[in-house]
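Working notes for the structure below.
Keep in mind that the numbers below use all heavy atoms, side chains included, and drop hydrogens, waters and symmetry copies. In the text below, chain A, chain B and the rest are named by the order of the sequence lines, each starting its count at 1.
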Amino acid sequence: MTSQLAILPILLPLVAGFLLLFARRGGLGLQRVISLALTAALLLLTIFTLQSATEGDYHVYLLGNWSAPFGIVLVLDQLAALMLLLTSLLALFALVYAIGQRLDEKGQHFHVLYQLQLFGLNGAFLTGDLFNLFVFFEVLLLASYGLLLHGGGRFRTKGGLHYVVINLVGSALFLFAVGTLYGILGTLNIADLAHKMGSVSTDDQGIVSAAALLLLVVFGIKAAIFPLYLWLPGAYAHTSAAVAALFAIMTKVGIYAIIRVHGTLFNEQAGFLTDLHTDIVLVLGMITLLLAALGVTAARALKEQVAYLILASVATLLIGIGINTEQALSASLYYLIHSTLIGAALFLLADVIAEARGSYADRLRSAPAMPSAIVIGSLFLFAAVAIAGMPPLSGFFGKVLLLDAALAHEYVLWIYLAILIASLLLVIAMARSGSILFYQIDSEGDHDGQQVRKTGFSMMLLLLMLSPVLVVLAGPVTQLTESIASQLNNSGDYINAVLSQPASMGAQ
Amino acid sequence: MNLFAFNLPLIALIPFLGAPLAAYAAKFSRQASAWVAALVTLLSLALLGPIIHLPFDNQTLIQSWSWLPSLGLDFAFRLDGLALLFTLLILLIGLLVILYARYYLSAKDSMGRFFAYLLMFMGSMLGIVLSENLIQLVVFWELTSLTSFLLISYWQHQQDARDGARMALAITGAGGLAMLAGVLLIGHIVGSFNLTEVLAAGDQIRQHDWYLPALVLILLGVFTKSAQFPFHFWLPHAMAAPTPVSAYLHSATMVKAGIFMLARLFPALSGTEAWGWLVGGAGMITMVLGAYTALFKHDLKGLLAYSTISHLGLITLLFGFSTQLAAVAAIFHIINHATFKASLFMVAGIIDHECGTRDMRQVNGLLKYMPHTAVLAMIAASAMAGVPLLNGFLSKEMFFEQAVTATDGNSFMWAIPVLVTIGAIFSVAYSLRFIHDVFFNGEPVGLTKTPHEPPRFMKIPVDILVMLCLGVGIAPMILVAPILSVAVAASLQTTPPEFSLAIWHGLNLPLIMSFIAMGIGAVVYFNRHKLFRWHDETLPRIDARTLFNMFLHGLLVFAGKVSRLFDQGSLQNAVSWVLVTAVVALVFGFSQFDSPLLGDRSLLSVDLLTLAMASVLIVASIITAYMHKRRLVALIIVGVIGLIVSLGFVKFSAPDLALTQLSVEVVTIVLLLLALFFLPQHTPQERSRKRLTRDLILSVTAGVSVMMLAMAVLSRDYAPISDFFIENSKPGGGGTNVVNVILVDFRGFDTLGEIVVLALAGLGIFALLQNLRLPAPMRDIDGREWNHDPHPPIMQTLTRLLFPLMLLVAVFIFLRGHNLPGGGFIAGLIAAVALISQYLANGIDWTNARIKTDMHVVIGLGLMAAVITGIVAMMLSYPFLTSAFTYVKWPIVGKFEIASAMAFDLGVFLVVIGATVLILVELGKLSHASHQVFEQERS
Amino acid sequence: MLDTAIVIAFVMVCLALLLSLYRLLVGPDVPDRILALDTLYINSIALLILLGISLKSVLYYESALLIALMGFMGTLALSKYLLRGDIME
Amino acid sequence: MMKSIFPHPLLSVALWLIWLLLNNTVALGHVVLGALLAIFIPWFSAGFWQEKVTIRRPWLLVKYVFVVIYQILVANMMVARLILTNQEKLHPGFLSVPLELTSPLAISLLANTISLTPGTVSCDLSEDQKSLLIHALHIEDADAIITEIKQLFEKPLKEIFN
Amino acid sequence: MLDIILSILIIVGAFFTLVGSVGLFKLRDFYMRLHGPTKASTLGVGAILIASAIHFSVKTGDISLHEVLVTLFLFITAPVSAHLMAKAALHIKVRQDKRTLNKSDQD
Amino acid sequence: MEWLVSLVIGVMTASGVYLVLRARTFPLVLGLTLLSYAVNVFLFAMGRLQVGQAAIIRPEATAYTDPLPQALVLTAIVIAFGMTAFLIVLALKARSELGNDHVDGLIYVAEEQANNKNESKSGASS
Ligand code: NA
Ligand code: NA
């Protein structure tokens with residue numbers, strides 16, 4: 001069982017995918033049951049996976065029983081396990097919300113796309129092969145296109161179109177980069193690439209470095225780094241809430257890829273490109289953060305604001321990666337958990353608010369009082385505090401961990417300025433939107449809002465409540481992230497584990 | 001285990017737990033909510049009971065739990081004299097405010113919300129003063145900003161309440177962030193965030209390079225919170241809050257949080273020149289400015305607000321002196337100010353409540369309407385003015401004395417007593433105004449109702465506070481000296497200096513300063529009208545709220561501009577950025593190392609065929625770009641490019657690629673034609689020449705970059721892992737076509753992902769096309785009607801003839817794929833093309849009637865086949881997708897190979913057929929719906 | 001001798017390729033371009049078979065077969081587009 | 001029984017032969033496999049071949065094929081000459097060939113043959129399927145061309161399919 | 001001897017292929033151009049394919065006939081393609097050469 | 001030869017990029033198609049150029065081309081096809097919902113027309 005563990009999180013949603021195709025005739029009810037059951041199973045599986053990964057060893061899985069670097073390997077380490085768990089957690093919440101809001105009735109194939117999206121995500125998190133990462137990127141992108149556009153509508157279509165085109169350009173760049181790396185180093189396995197980085201001749205260093213930075217651009221698109229993030233606001237702001245919530249993990253795929261690929265390839269032990277990417281990521285992260293904060297401030301609608309908030313959280317994460325110490329990485333991971341879950345919650349909440357305001361939707365202008373304004377308003381306050389990084393919720397602790405880690409960096413002044421100014425802008429902006437949404441009541445207009453169904457509402461609530469949980473359990477959680485960061489810091493172990501795994505596991 | 005091992009955190013947390021209770025209780029009655037609030041406060045007080053003696057025994061109680069060890073953040077609380085003093089102030093004045101608010105709030109105000117907010121605020125304040133850990137302290141610090149935002153904006157329907165609250169949040173929130181940064185710096189210097197260590201490390205901190213930034217950051221927090229110049233302007237606008245809130249937050253608690261920090265970090269930060277200038281300077285300016293401005297406020301609460309600012313400045317100034325005795329005076333004045341100012345706010349609230357206005361130009365001669373209140377107000381105001389026998393006098397004398405002592409040493413320091421006296425003069429003047437203008441000065445003007453005494457219970461808090469003013473003023477050594485002493489000891493972290501709280505110190509300079517202040521203050525007040533005129537005429541009217549709103553608006557506009565300057569919602573813009581970044585990345589990455597662009601691998605010589613194909617490709621590519629406005633023509637030329645690319649693949653030893661490219665090419669053309677039908681046939685003129693030039697430059701740059709990249713690689717040698725595939729293809733994978741073995745075996749997992757992509761494309765497109773309606777053009781570009789023959793018979797007949805042939809070819813390509821060019825992909829595409837040719841030639845309905853298979857199911861079966869193949873290996877406890885093959889020999893047929901990879905390839909085959917047919921046929925059907933639309937529109 | 005013949009043949013077919021390209025680019029009408037594309041497909045088959053003979057490899061056969069099939073499909077679709085706009089009805 | 005296995009025997013034979021051609025072999029394995037496919041594919045595509053194709057005189061078909069090949073060779077020489085000579089001398093034109101054939105397959109074969117042979121391309125089939133419009137590269141005598149077509153191609157096809 | 005036959009076949013094939021494209025290149029209107037590729041090119045490819053068949057039959061010792069299949073496909077499809085293109089051209093009334101004799105002229 | 005192939009890749013990339021930067025969906029799709037050709041040829045070329053050395057195991061073969069990039073390109077071709085298909089259908093959807101085939105929807109068309117007028121005016125005057 002454990003020996004096959006690494007493949008299971010990929011297989012489960014794929015099996016769900018084709019089962020759902022067969023269940024098409026059985027109606028939506030059957031599809032919901034399959035989708036929910038297998039997502040719940042995935043959550044349990046990933047909990048087990050994380051538990052198993054935290055024992056410290058790398059699970060290297062040789063697909064087709066071909067050893068690295070010849071076959072494709074899956075590498076289950078603590079970081080991958082964390083991402084898997086986060087994904088499945090989010091997936092379950094978002095799925096229940098989607099079903100609760102009858103989103104799956106608004107178009108065809110919602111559940112299949114959803115499961116295959118998980119297939120793509122999990123594959124991207126587990127694979128140890130650069131080209132295979134490309135393939136899974138494409139899987140998760142294409143699934144995300146479908147989900148993003150699910151339900152239709154003008155702005156959704158426009159945002160979706162931009163998202164698709166930019167990512168297609170990104171895919172082309174990915175192939176240029178992978179091709180070049182293969183053309184020089186002759187391999188595709190990430191560990192093997194890193195291994196070979198050590199012996200690149202001086203004549204070839206420039207070209208390898210160019211390809212690796214091109215790869216950074218590709219991941220930068222996914223991660224939404226300045227100036228590559230322009231797809232994000234339009235896409236996230238206009239898709240359905242449940243999908244946007246699931247997409248909170250999407251930008252993290254880019255971040256993950258940077259940590260995984262560049263963290264390994266550019267590692268001191270690995271070669272000459274030591275930490276070439278970190279200053280770039282840091283500086284661009286700071287610019288992204290400030291622009292995102294301005295975007296939050298300037299937003300004309302709540303969902304747009306939330307999209308920029310997501311961008312801001314991604315930027316904060318990037319700063320942590322740019323600082324590039326074990327401490328900073330650990331801080332970033334804590335922040336990653338927080339921002340993923342709360343970002344998702346925020347999209348759901350924005351939906352709840354938009355529903356409650358009826359035809360006024362999420363536009364930031366005064367509207368008639370909404371039903372349950374006090375409860376929703378309190379939750380908004382709660383969520384705003386969490387996402388803006390105000391105490392006492394998880395965002396604050398993530399931010400403090402990062403700021404603390406930043407003290408060791410030579411750009412500490414700039415990092416502090418960026419993070420603190422952005423925080424202030426977020427606070428001002430959230431106060432503004434909160435006060436417009438909940439305080440500025442237009443008593444003249446007709447109120448036609450509706451309350452979100454209980455299922456959906458409770459999912460949003462549960463997700464939000466994970467923020468205080470993250471605060472109370474900050475100790476154990478940071479212990480985990482530290483352990484992950486320390487594992488990541490030892491790229492040599494990763495490379496050894498992958499390249500030394502012998503084939504014919506079944507014969508043992 | 002001692003139950004009281006938890007009581008410090010409980011004291012701070014119980015109000016938070018009580019808040020929802022108070023809100024909930026309001027469902028039952030308005031009283032209930034107030035009762036809950038009061039009981040919660042009493043409970044916190046009760047928890048303080050068992051440990052209240054500790055500070056007096058010179059003990060510091062610390063209760064601490066590990067929370068976030070990697071950060072050095074403990075869940076840690078501390079009770080010493082200073083904490084005790086503030087805890088008592090917060091809880092006791094809180095209790096009085098609760099009582100007062102119970103009667104103050106009107107029937108339409110939500111009690112539950114008010115008391116819930118108030119309790120949360122109280123908890124936050126308690127958290128600040130009881131924190132042992134500095135990060136935890138910042139947590140509570142920011143919580144006071146948040147909860148005060150809620151309290152100030154309590155009357156949310158009022159624009160000024162919302163604005164005031166936002167301003168307070170923005171300013172104090174910003175200060176909190178600075179404070180956080182400062183605390184982090186200190187923690188870094190000391191190596192701990194715990195006060196015990198920090199307070200003991202004063203010298204270390206002061207000598208550190210980061211001392212000044214840390215100090216400035218922390219003072220930013222302090223000054224914003226305590227409304228020190230130049231951050232004082234938010235406080236008057238926070239007066240839009242209900243008066244109980246002002247009485248609590250803006251006299252006794254929140255604004256004192258900053259002061260508390262000065263007292264708390266005094267041993268760690270004070271004593272340097274920087275401290276003196278920054279703290280003293282801000283305090284001095286604030287004190288004088290506040291006192292001066294207070295006189296000109298016609299609004300009672302406005303006057304009190306500026307008075308508060310002034311007094312806070314006074315306390316800050318005292319800390320700025322850095323001496324121990326100044327600290328004593330400061331802490332003493334904290335207590336005194338809390339008592340008289342809270343009572344004055346309550347009085348202002350009563351007047352507002354009874355008169356319906358707080359404008360002193362309307363409110364006159366209240367003495368005869370509400371004598372009891374008037375007496376209380378006059379005593380409290382006298383304390384504020386520093387009249388002897390009242391508590392304000394005592395601390396003010398100490399303050400004067402410190403101001404005079406500070407003159408030592410520096411020749412410019414004579415300015416201090418002078419400025420202090422000027423401040424005191426205005427202080428007397430506005431206090432006089434509070435008494436004279438409200439309670440005397442003729443009859444009220446234009447009141448809507450006749451004022452009378454408020455309910456008895458509303459006055460009780462004022463009674464108590466005023467009694468305290470008197471009591472402390474008369475018997476300071478008994479009433480206040482013990483707590484003051486321990487508070488000072490805790491603040492200074494040493495035995496407190498000798499101090500005496502005597503009323504009479506003899507006729508000394510401070511006393512003379514007091515008399516001067518009172519005398520000139522009275523003169524100033526009674527000449528106020530001239531002064532008001534002068535003030536109105538000469539000084540420009542700057543309203544902080546207007547300014548702040550302008551700032552916010554400006555910020556909004558700026559944010560909008562910057563954000564939309566970059567994010568224009570334009571795809572072209574976004575893609576340009578991506579491409580520019582990519583080129584920059586390439587160039588930058590390359591230039592990081594001193595590597596030559598080209599390597600020294602020997603190159604092949606050009607042959608005629610390649611030259612011809614390359615010329616075709618180059619010309620065709622450029623022409624496609626050049627002629628793209630004629631869409632159909634561009635599409636045809638793209639078709640040629642695809643064809644020549646496949647030829648190139650053949651030429652350069654990649655037959656599998658050529659086959660795939662050829663099939664995909666045709667399917668793509670069909671696909672684009674299906675779509676083009678619904679799109680304009682021509683592209684309109686572009687927007688601007690500038691844009692075209694820019695795009696041209698960008699595309700040429702991209703092209704050259706890619707070309708150089710390609711050349712850089714092609715001119716170098718490499719050592720690929722591929723030899724392994726060539727060696728193991730036959731023995732390990734059972735096939736001689738290495739490309740195919742890679743696809744279905746070595747890297748079968750890629751292929752699995754790839755067919756999922758194809759499946760997703762099919763399903764996603766299917767979903768997109770549901771309910772899509774597009775007008776189908778009835779005429780072609782030149783305005784001709786379409787040909788009326790939908791299925792030319794010759795085409796029909798021969799295409800049907802070809803169908804079995806193509807299927808046969810598909811099977812052929814499929815079966816040999818493992819050993820010769822071909823395989824599931826190509827076979828799938830050929831079969832799909834065969835089916836599509838039938839749809840093209842015979843129409844959808846005709847063909848569908850003959851192919852009854854649901855393509856969704858075909859896709860599902862394909863995926864299943866591929867997955868099951870992999871899972872079978874897992875069941876034999878091999879990894880997923882491990883392949884097996886064997887040669888069997890049958891009679892007649894002979895020896896042939898059976899490979900599990902074939903089953904996998906069959907999955908691929910099915911998915912390719914299913915997805916391709918699904919995509920094209922669904923797209924083809926689009927015209928059906930559209931024709932129907934047209935017919936409906938016509939009829 | 002065969003080699004010389006093949007070289008001459010290559011030259012002629014390449015020339016044919018370029019002449020077809022000319023028609024493709026110049027048109028003037030869409031049917032001309034479709035015809036040019038169709039011709040290019042046929043030229044390509046000739047090229048591939050020649051290549052097979054010259055390199056003594058049978059591996060070019062499938063490509064030639066496929067070009068014959070796919071070229072037909074392309075022409076069919078394009079012509080139908082001109083006739084009906086709606087190529088699949 | 002036989003009919004359900006071989007809905008179109010001729011097609012099956014053709015496919016079997018083509019299979020062997022494709023694989024360029026007469027190995028026993030492929031003979032068997034080809035036979036299986038020759039059964040399976042017609043069965044699968046039976047719906048596409050509803051109208052029964054009957055060939056009355058197969059040897060006539062063979063003869064026809066050879067005639068056509070010969071004509072193709074001749075036609076190509078001619079067309080090559082026409083293309084390479086001064087095109088000012090060319091007199092192209094459209095002609096309408098009245099049809100006596102009725103079977104769509106036969107008409108299609110005729111149209112194909114016309115296109116492959118002497119300087120003519122079939123352009124359009126009239127809606128009533130009674131006449132075929134053809135384009136000739138060079139017309140000296142229009143009626144002669146029509147007669148030749150009817151004589152050389154339509155007549156044998158009529159005999160084969162009707 | 002074999003080489004000579006092969007060479008001739010190849011040259012002839014290439015020649016006809018070229019002639020087809022020359023026709024495409026130089027003839028005056030679409031309908032005339034249509035003749036080149038449909039006939040000459042088809043035959044040219046046919047000749048080369050036969051050359052290939054002979055070549056590989058001799059080279060490998062086994063008879064190689066599968067080239068016939070390509071020829072067969074071409075001979076089935078090329079006329080249909082030509083027919084459809086001509087039909088399309090007629091439909092959109094592509095310019096004809098002035099000297100074209102039209103069916104209507106006959107009637 | 002390598003220079004020639006690199007040049008072809010470069011030209012296809014440039015044309016593709018130019019088309020990708022157009023404002024209408026159809027040229028954009030064509031541009032992406034061209035770009036993906038360029039990518040595929042590039043990726044393929046990374047296995048270096050070999051004539052007549054297909055990766056089919058034969059006893060008489062003296063050398064083989066690098067089969068791995070070929071397998072990758074095959075995957076890439078199929079993926080690009082799926083993506084193109086999706087994009088073109090999305091373009092139809094966008095035309096249906098945004099009212100035209102501009103990549104940014106309605107707003108920009110008005111601008112475009114205004115610019116056209118200006119340009120034709122300035123063109124006429126010059
Ligand atoms: Na008055
Ligand atoms: Na259609």
_Toward chain F, the part of B/Leu598 with a non-hydrogen atom under 4.5 Å_ = side chain

*If you count heavy-atom pairs under 4.5 Å between each of B/Leu617, B/Val738, B/Asp695 and chain F, which one has the most?*
B/Asp695

_Counting only non-hydrogen atoms closer than 4.5 Å, does F/Val73 touch chain B with its backbone (N, CA, C, O), its side chain (CB onward), both, or neither?_
both

*So which part of F/Leu90 gets closer than 4.5 Å to some heavy atom of chain B, the side chain, the backbone, both or neither?*
both

*Is it true that F/Arg48 and B/Asp717 make a salt bridge, defined as a side-chain N closer than 4.0 Å to a carboxylate O?*
no

*asked:* Heavy-atom cut-off 4.5 Å, strictly under: side chain, backbone, both or neither for B/Leu571 against chain F?
replied: both

*Give the minimum heavy-atom separation between B/Ala710 and F/Met46, together with the two atoms involved.*
CA-CE, 4.2 Å

_B/Leu758 portion near chain F, given a 4.5 angstrom heavy-atom threshold_ = side chain

*Would you check if the side chain of F/Gln70 reaches a backbone N or O of B/Val739 as a donor-acceptor pair within less than 3.5 Å?*
no

*Measuring from F/Ser15:OG to B/Tyr626:OH, what's the distance to the nearest 0.5 Å?*
13.5 Å

*Relative to chain F, which segment of B/Leu579 carries a heavy atom at a distance below 4.5 Å: side chain, backbone, both, or neither?*
side chain

*Among F/Thr33, F/Leu34, F/Val29, F/Thr25, which residue forms the greatest number of heavy-atom pairs with chain B at distances under 4.5 Å?*
F/Leu34

*Heavy-atom proximity to chain B below 4.5 Å, by part of F/Leu7*: both

*asked:* Please check: side-chain N/O of F/Arg95 versus main-chain N/O of B/Phe678, any donor-acceptor pairing under 3.5 Å?
replied: yes

*asked:* Could you measure the distance from the OH atom of F/Tyr64 to the OG atom of B/Ser729? Nearest 0.5 Å is fine.
replied: 9.0 Å

*Relative to chain B, which segment of F/Phe42 carries a heavy atom at a distance below 4.5 Å: side chain, backbone, both, or neither?*
side chain

*With a 4.5 angstrom heavy-atom cut-off, which part of F/Tyr37 approaches chain B: side chain, backbone, both or neither?*
side chain

*Give, as side chain, backbone, both or neither, the part of B/Ile721 having an atom under 4.5 angstrom from any heavy atom of chain F.*
side chain

*By a 4.5 Å heavy-atom criterion (distance strictly below it), what part of F/Arg22 contacts chain B: side chain, backbone, both, or neither?*
both

_Rounded distance (nearest 0.5 Å) linking atom CD1 of B/Ile765 with atom CD1 of F/Ile88_ = 10.0 Å

*Test item: side-chain donor near acceptor, F/Thr75 and B/Glu754, under 3.5 Å*: yes

*Please check if the side chain of F/Glu2 supplies one atom and the backbone of B/Leu604 the other of a donor-acceptor pair under 3.5 Å.*
yes

*Taking the inter-plane angle between the rings of B/His628 and F/Tyr18 on a 0 to 90° scale, is it parallel (under 30°), tilted (30 to 60°) or perpendicular (over 60°)?*
perpendicular

*Contacting region of F/Leu49 [heavy-atom separation from chain B under 4.5 Å]*: both

*How long is the span from the CE atom in B/Met707 to the OG1 atom in F/Thr13, to the nearest 0.5 Å?*
11.0 Å

*Can you measure from CG (B/Leu709) to CD1 (F/Ile9) and round to the nearest 0.5 angstrom?*
9.0 Å

_Donor-acceptor pair, distance only, cut-off 3.5 Å: does the side chain of B/Ser653 make one with the backbone of F/Gly52?_
yes

_Approximate separation, where rounding is to 0.5 Å, of F/Ile56 CD1 and B/Thr736 OG1_ = 6.0 Å

*asked:* So which atom in B/Pro655 and which in F/Ala54 form the shortest heavy-atom distance, rounded to 0.1 Å?
replied: CD-CB, 3.9 Å

*asked:* Which atoms of B/Arg747 are under 4.5 Å from chain F, going by heavy atoms: the side chain, the backbone, both sets, or neither?
replied: side chain

